[in-house]
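These notes are about the structure you will find just below.
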Amino acid sequence: TWCVKARTRGFALSYHNVFFADDYSREFDDIFRQRRLPDAPTVYICAQDRQGARAPKGTERLLVLINAPPDGDLEGAALIETGARASTLALLKRCGLEIEGGLEGAAVATPASFNALYPGTGGALYGQANHSPMASFARPGAASKLPGLYLAGGSAHPGAGVPMATLSGRLAAARVLKDLGIRR
């Protein structure tokens, strides 16, 4: 990810923006089978200061995110950030969007730096849940094997994203109430 304050040119962004790579299946083959950064990643931009498509005056806060292998815990996992930056900006340019100054001065987070902050995640936002193509189907439910420990969040069932994590919290709360014999 890159967090940057910059101006954009080309067209009006919305709050959430996705720029798909030409070969989406190849991107996931690169990530999960080849265990490498995609040559042409899909790019997500959160234009945090946007209200609808209205641009703020001057610079705006942008979160620019690409998919990467969840291998930040492995030896030699440091990504070549300049290559990722170049391919990200190239896709945006092909789509008609430019970020003034590129991503210079951005705060950068890679799987290796994320894993250093949050050990055990492998550098993946949702931890081990993303360590293989089938891992999403093996997410644990609300009740753990340890009595009294309940699980909720993006790595637990039903999965990633704020709506799913919220639903996961509701499922965990319902399981706690059931285990305590409390009827709703």
Side-chain angles (χ1 to χ4, degrees), residues 1-56 58-72 79-114 118 121-127 129-137 139 153-155 157-168:
T1 63
W2 296 270
C3 294
V4 66
K5 280 186 82 172
R7 287 185 163 92
T8 60
R9 283 193 304 258
F11 57 87
L13 291 171
S14 295
Y15 188 84
H16 297 289
N17 308 270
V18 179
F19 302 86
F20 287 97
D22 292 333
D23 191 346
Y24 202 53
S25 62
R26 180 174 168 213
E27 176 180 9
F28 283 89
D29 184 66
D30 285 346
I31 292 169
F32 290 113
R33 292 196 204 295
Q34 307 299 321
R35 305 308 275 200
R36 66 179 184 166
L37 193 64
D39 293 328
T42 292
V43 179
Y44 166 77
I45 297 178
C46 179
Q48 299 170 15
D49 298 317
R50 297 282 172 144
Q51 298 296 322
R54 284 194 326 248
T59 61
E60 62 183 308
R61 296 172 299 150
L62 303 172
L63 168 66
V64 181
L65 178 143
I66 62 172
N67 293 315
D71 295 337
L79 298 175
I80 302 171
E81 195 264 329
T82 53
R85 179 187 301 236
S87 61
T88 297
L89 293 172
L91 173 66
L92 295 176
K93 189 171 186 174
R94 281 195 314 275
C95 292
L97 182 73
E98 289 188 57
I99 298 174
E100 284 186 15
L103 295 168
E104 293 303 317
V108 181
T110 67
S113 65
F114 194 83
Y118 306 102
T121 64
L125 180 60
Y126 298 108
N130 290 354
H131 267 58
S132 74
M134 299 304 287
S136 294
F137 302 107
R139 285 189 177 104
S155 292
H157 177 75
V162 173
M164 293 296 113
T166 301
L167 183 55
S168 176

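Here the structure is a predicted model, which is why all the values come from computation and not from measurement.
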With sequence neighbours excluded, what pairs up with [X] under the side chain to side chain donor-acceptor pair (under 3.5 Å) test?
{"X": "Q34", "answer": "none"}
{"X": "D30", "answer": "R36"}
{"X": "Y24", "answer": "none"}

Go through the structure and list residues passing salt bridge (charged side-chain N to carboxylate O under 4.0 Å, His left out) with [X], not counting sequence neighbours.
{"X": "R26", "value": "D39"}
{"X": "E27", "value": "none"}
{"X": "R7", "value": "none"}

### Query
Taking all atoms of both residues into account, what is the closest heavy-atom pair of S87 and P38, and its distance?
OG-O, 4.5 Å
To the nearest 0.5 Å, how far apart are [atom1] in [X] and [atom2] in [Y]?
{"X": "L89", "Y": "L103", "atom1": "CG", "atom2": "CG", "answer": "4.5 Å"}
{"X": "L37", "Y": "I31", "atom1": "CG", "atom2": "CD1", "answer": "7.5 Å"}
{"X": "H16", "Y": "Q48", "atom1": "NE2", "atom2": "CD", "answer": "10.0 Å"}
{"X": "I66", "Y": "R85", "atom1": "CD1", "atom2": "CZ", "answer": "11.0 Å"}

State, with a plain yes or no, whether a side-chain heavy atom of [X] is found less than 4.5 Å away from one of [Y].
{"X": "F114", "Y": "T1", "value": "no"}
{"X": "I45", "Y": "L92", "value": "yes"}
{"X": "D29", "Y": "S25", "value": "no"}
{"X": "F19", "Y": "T88", "value": "no"}
{"X": "C46", "Y": "Y15", "value": "yes"}
{"X": "L62", "Y": "L13", "value": "yes"}

#### Entry: Side-chain (S14) to main-chain (N17) donor-acceptor, under 3.5 angstrom
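Absent.
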### Query
Just by modelled atom types, is the A21 backbone N or O under 3.5 Å from a matching donor or acceptor in the T42 side chain?
yes
